[in-house]
Amino acid sequence: MEKNISKVYEPQNFEKEIYAQWEADKNFHTTADRAGEPYSIVIPPPNVTGQLHMGHALDETLQDILIRYHRMRGFNTLWMPGCDHAGIATQAKVEESLRGEGTNRYELGREKFLERVWQWKEKYGSRIMYQLRTLGASCDWERERFTMDEGCSAAVRKVFISLYNEGLIYRGNRITNWCPKCNTALSDIEVEHLTEQGHLWHLRYKFKDSDEFVEVATTRPETMLGDTGVAVHPDDERYKNLVGRTLILPVVNREIPLFADEYVDKEFGTGAVKVTPAHDPNDFEMGLRHNLPQVKVINNDGTMADGLGKYSGLDRYECRKVLVEDLKAAGVLVSTENHEHAVGHCSRCGTTVEPLVSEQWFVKMESLAAPAIDAVKTGKLKFVPERFTKIYINWLENIRDWCISRQLWWGHRIPAWYCDDCGEMIVSEKNISECPHCHGKNLRQDEDVLDTWFSSALWPFSTMGYPEDTPELKKFYPTSTLVTGYDIIFFWVSRMVMMGLKFQGDVPFRTVFIHGLVRDELGRKMSKSLGNGIDPVEVIDKYGADSLRFMLVTGNTPGNDLRFSWQRVESARNFANKIWNASRFLLMNLENFDANFKPSDEDLTLADKWIISRLNRTAKGVTDNLNKFELGEAARLMYEFIWSEFCDWYIELTKARLYGEDVKAKSTALYVLNDVLEKSLRLLHPFMPFLTEIIRQKLPNVEGSIMLADWFNGGEVDENSESEMNLIIDVIKVIRNLKSEVGVEVRKKSEVILKVSNIDAEKVLKSNLIYVTELSAAEPITFTEEKPQHALAGVVEGVEIFLPLKGLINIDKEVARLTKELEKLRKGISVTENKLKNEKFVAKAPAEVVQSEREKLASAQEKISSVESRIEQLKNL
RNA sequence: GGGAUUAUAGAUCAGUUGGUUAGAUCGUUUCGUUGACAUCGAAAAGGGCACAAGUUCGAGUCUUGUUAAUCCCACCA
């Protein structure tokens, strides 16, 4: 490989190549056979519906950071990749494409249709996996799984059968949420409740045997066709005497009872509720309690049922319009008022959900939820950030049975058969062709498939070989961390926990690391309908995967949403470019470097010791933050260290040695430059894998991929060198500052006079004067006991700095400038002064805090008096 | 109806366990291009952390309340 690198950072030129290198050696990704403590993550399987979106990019980046970090630390890492078959979503996509061809799934038939979906899956599944590689995801590609592959399907069957045999799965004719457009049942959490402006229609239902009537209020007048009763509260005085009498349902002229039920709210509407057991969940319950018939008046496709005269066949909303007119004309409708209420919509297509009675399969949740609650309460499972614990527990504590059957074709078919000969239902793990009861051959398998989330719930162990007892399960279950968005805590996280506990006897993961949504630049959710989605692949093409990753991880805290920003992508790219060029600088200077050279401690200069100490401190901070899942903070520390310390200061500080004649000094500088850069690359690798890999491979004495290099935990911090170097840096800054304030170019050589009042400071300065000269063009530098008169003045702790600039000094202006400076200093210490004046503070605050405040005050006071005396001096000129 | 989150420079956001003069990025102003980098360097202006009360020697950080925005949950027709 070439030793030098191009002048411009162009990630497009090497990211693909680097990934190919990694993939060629499978050990880079698959470290599952390594020794060491296991660390595993299962990917939240992206839907095979299409392509990776920005949310995936975030999710995958966070996982890759954790995996790469742990891999470097020597963990036995496993990152399980794969896709989800995504029942409704994928089926809808394929149906859409069929529509484009002028056909539909019914014309094709089930078998042919499924073939089409599998073709789709092959195409898009591999595309998604390709996109993951583009992002740099170091998944274990040999283990890639799919929720409908053989193993996962076997797991689904096994789990279904055991839950069924235990009585936790049952089939029932119950009211469920139905989407007329998707033409399938939905679970409760697939229904989104949106507040809508509607009406409350007041209707009069006449008694059978008198001209009296009861007034009911409804938001859905069309359902009155299916009314089989009217309910009032048992304690409602208005109706007490009327309960038990018979009413005549208008339009249909059906006799229906007026009855009492606790459910009714006396305060709402008229206190009397029309009851439609077939089309309202509450009415359904009341219907069961009072033995009311269920009259289905709305079909599965949202049209009105047969037998309703002119209303039959109308769409439910069309019917509403017509019926309201008719009721008005008949004098049944007495009033209409505006009414705001929550209406359920299909989370997939947005259609208003219709509660319908149908035969569906359910999972009894209560006994499954209890251990899942317990796992969190006892700390077996932790959420990061913690606040999601409450949301999770609250949901589980109020859980309702889970409707798992879907009237779709794409998915795991329910393993139940109906015998047309004897009428028995057989639930079986293996496919059957003969009825075990009557030996009849007329068996029909249940047409329905399972909710997608049923198989997703098993993902952490189905991907590891369940129902077989595999080494993977032993080693990697429970997985270490689950990384996912807060939007699927109910859909996925909680169900995995329940199933994991049930079928593996342990939680599926120790920690759930929750992140937020990626929003667009205006803070809106990225969505297809808004067309504001940004394709991560586009960002990668333009700026490189490292930049995208860095942008996604910085400025973001666990659990919070984050805004996509091109500016921040650019700033990440600039950072990458900075590293690139710093490396290029080193490589250029490294040409005649003796790779075997190793400096002794005495060879190290103050700058060397300083940067090594800063690196050690940074490494510790990065490691701590990664362990706490504060990935953004860890990335920020690297950004600051590399840019503001290594590049801005250290590289500049080495230049005198690099361009000088002293070979040993030069070698020492190169050695430290190289060492610090190499360690920094390792620390940065989880965040920017490509850049760090390609650069590190060009450094001397480096073997193998950075992926498998040891993590750098950081060494000793050298407080002394840090504070000494800080003094130098402060002096340089003051000189630059003074020059800048009078409009003198920083690089223009100027005389500088130092008056040092502190003997240690003097020592430090005198032995490191070269740095000041180099970085502030201060030449010559002289030391003095007397303050020079015609000079700008500045001060740092223990040192007064004078910049004699003939002709450029305007005494009045300088006095004004210093006065301003003085005010600033005074303002700065007033807080400290007050603190120390406060007896309680001195008495109660920790001694070290008091001590540091005292030191702060002393040093500030020293600065103040030096500025004061300078002002006096100038005034007396 | 219940719950959560957010409110910090012109914009977008960090600020972990309460303790130096509250930070970054972008933008703005001034200066600077012959040797790592204009995808750059030097310098500067700009906020006192939504509001109020409280706890504390000390609060952006903890407590309570208020306001605003966003989101989740919820079977009042």
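Below, chain A is the first sequence line, B the second, and so on; all start at residue 1. Quick caveat, the model's predicted, so the values are computed rather than measured.
Of the side-chain N and O atoms in A/Lys655, one or more sit less than 4.0 angstrom from OP1 or OP2 of B/A36. Between A/Trp649 and B/G41 there is no side-chain N or O to OP1 or OP2 distance below 4.0 Å. Between A/Tyr659 and B/A36 there is a side-chain N or O to OP1 or OP2 distance below 4.0 Å. In this model, the phosphate group of B/A77 is not approached by any side-chain N or O of A/Arg220 to a distance below 4.0 Å at OP1 or OP2. The phosphate of B/G41 (OP1 or OP2) has a side-chain N or O of A/Lys578 nearer than 4.0 angstrom. For B/A77, the OP1/OP2 oxygens have a side-chain nitrogen or oxygen of A/His339 closer than 4.0 Å. A/Lys390 has a side-chain polar atom (N or O) that falls below the 4.0 Å cut-off from OP1 or OP2 of B/A4. A sub-4.0 Å separation between OP1 or OP2 of B/C57 and a side-chain N or O of A/Lys844 is present. Side-chain nitrogen and oxygen atoms of A/Lys835 include none within less than 4.0 Å of the OP1 or OP2 phosphate oxygen of B/G19. Phosphate contact (OP1/OP2 of B/A14, side-chain N/O of A/Thr557, threshold under 4.0 Å): present. Regarding contacts with the backbone of B/U39, every side-chain N or O of A/Asn581 stays at 4.0 angstrom or more from both OP1 and OP2.
Neither side chain, A/Ser547 nor A/Lys542, offers a donor N or O lying under 3.5 Å from an acceptor on the other. Of the N and O atoms on the side chains of A/Asp561 and A/Tyr486, at least one donor lies less than 3.5 Å from an acceptor on the other residue.
Rounding to whole angstrom units, CG of residue A/Leu857 and P of B/U21 are separated by 11 Å. When rounded to the nearest whole Å, the span between CZ of A/Arg563 and P of B/A14 equals 11 Å. Rounded to whole angstrom, the span from the OH atom of A/Tyr486 across to the P atom of B/U5 amounts to 13 Å. Protein atom OH of A/Tyr263 is 10 Å distant from nucleotide atom P of B/C75, rounded to whole Å. Following rounding to the nearest Å, A/Ile393 (CD1) and B/A4 (P) show an atom-to-atom distance of 13 Å. Look at CZ on A/Arg400: it is 8 Å from P on B/A74, rounded to the nearest Å. In this structure, A/Arg636 places its CZ atom 20 Å from P of B/U12, rounding to the nearest Å. Straight-line distance from the CD1 atom of A/Ile579 to the P atom of B/A36: 18 Å, rounded to whole Å.
Among the nucleotides B/A74, B/C37, B/U39, the one closest to any side-chain atom of A/Val8 is B/U39. Closest approach to the A/Ser740 side chain among B/A36, B/A43, B/C57 is made by B/A43 (side chain taken as heavy atoms from C-beta onward). Checking B/U39, B/C75, B/C57 against the side-chain heavy atoms of A/Asn574 singles out B/U39 as nearest. The side chain of A/Glu745 lies closest to B/C31, out of B/G19, B/C31, B/U5. Listed nucleotides B/A45, B/C57, B/U16 differ in distance to A/Lys628; the shortest reach to its side chain belongs to B/U16. Taking every side-chain heavy atom of A/Ala342 into account, B/A74 is the closest of B/A45, B/U5, B/A74. Among the nucleotides B/A77, B/C26, B/C57, the one closest to the side chain of A/Gln567 is B/C26. Proximity note for A/Val849 (side chain, C-beta onward) versus B/G19, B/U25, B/A36: the nearest is B/G19. Listed candidates were B/U5, B/U25, B/A77. Nearest to the side chain of A/Thr218 is B/A77. Comparing B/G19, B/A14, B/A36 by their closest approach to the side chain of A/Glu633 singles out B/A14.
The pair A/Glu823-A/Arg826 fails the salt-bridge criterion, with no side-chain N (NZ, NE, NH1 or NH2) lying under 4.0 Å from an Asp/Glu carboxylate O. For the pair A/Glu719 and A/Arg617, the salt-bridge criterion is met [side-chain N within less than 4.0 Å of a carboxylate O]. Salt bridge A/Glu741/A/Arg817: present, at least one basic N to carboxylate O contact under 4.0 Å. We find that A/Glu853 and A/Lys856 are joined by a salt bridge, their nearest charged nitrogen and carboxylate oxygen being less than 4.0 Å apart.
Counting non-hydrogen atoms under 4.0 angstrom, A/Val850 reaches nothing in the nucleic acid. Using a 4.0 Å heavy-atom cutoff across all strands shown, A/Val746 reaches sugar-phosphate atoms only and no base atom. Nucleic acid contact for A/Gly271: base, since at least one base atom lies under 4.0 Å from a heavy atom of the residue. Within 4.0 Å of A/Glu848, counting heavy atoms only, lies no atom of the nucleic acid at all. Using a 4.0 Å heavy-atom criterion, one finds that A/Thr832 contacts the sugar-phosphate atoms exclusively. Nucleic acid contact for A/Ser852: none, since no nucleic acid atom lies under 4.0 Å from a heavy atom of the residue.
Here the closest heavy-atom approach between residue A/Val746 and residue A/Ala777 is recorded as O-CB, 3.4 Å. Between A/Pro558 and A/Val384, the closest heavy-atom pair is CB-CG1, 4.3 Å.
For a distance-only test at 3.5 Å, the side chain of A/Arg573 qualifies as a donor-acceptor partner of the base of B/U39. For A/Glu640 against B/A14, a side-chain-to-base donor-acceptor contact under 3.5 Å is absent. No N or O donor and acceptor, one from the side chain of A/Lys856 and one from the base of B/U20, sit under 3.5 Å apart.
Spacing of C1' atoms, B/G41 relative to B/A4, comes out at 46 Å, to the nearest Å. The same atom, P, is picked in B/A68 and in B/C51; the two are 16 Å apart, to the nearest Å. To the nearest whole angstrom, the two C1' atoms, one in B/G65 and one in B/C26, are 37 Å apart. Taking atom C1' on both nucleotides, B/A24 is separated from B/U64 by 33 Å, rounded to a whole Å. Nucleotides B/U8 and B/G15 place their C1' atoms 9 Å apart, quoted to the nearest Å. Across the C1' atoms, B/G60 and B/A7 are found 11 Å apart, a figure rounded to whole Å.
In this structure, B/C51 and B/G65 make a Watson-Crick or G-U wobble pair, each of the two defining distances being under 3.5 angstrom. In this structure, B/G1 forms a base pair with B/C73, meeting either the Watson-Crick or the G-U wobble geometry with both donor-acceptor distances under 3.5 Å. Pairing of B/A14, defined by two Watson-Crick or G-U wobble distances under 3.5 Å, is not identified with any nucleotide. The base-pairing partner of B/G32, taking Watson-Crick or G-U wobble contacts with both distances under 3.5 Å, is B/C40. Searching all strands for a Watson-Crick or G-U wobble partner of B/G46 with both distances below 3.5 Å returns nothing.
Nucleotide B/G48 carries a syn base; the chi torsion (O4'-C1'-N9-C4 or O4'-C1'-N1-C2) is within 90° of 0.
Toward the 5′ end of RNA chain B lies the nearest nucleotide of A/Gly632, the other residue of the pair A/Gly632 and A/Glu741 mapping further downstream. Comparing A/Asn556 and A/Lys274 along RNA chain B, the residue whose closest nucleotide (by nearest heavy atom) sits nearer the 5' end is A/Asn556.
Ring pair A/Phe646/A/Phe641 is parallel by interplanar angle, where below 30° counts as parallel and above 60° as perpendicular.
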| task | Starting from the C-alpha separation in whole Å, work towards a yes-or-no answer on ring pair (Phe, Tyr, Trp, His ring centres under 6.0 Å) for A/Trp492 and A/Phe490. | result | CA-CA 6 Å; A/Trp492 195 44; A/Phe490 304 144; over 10 Å; no
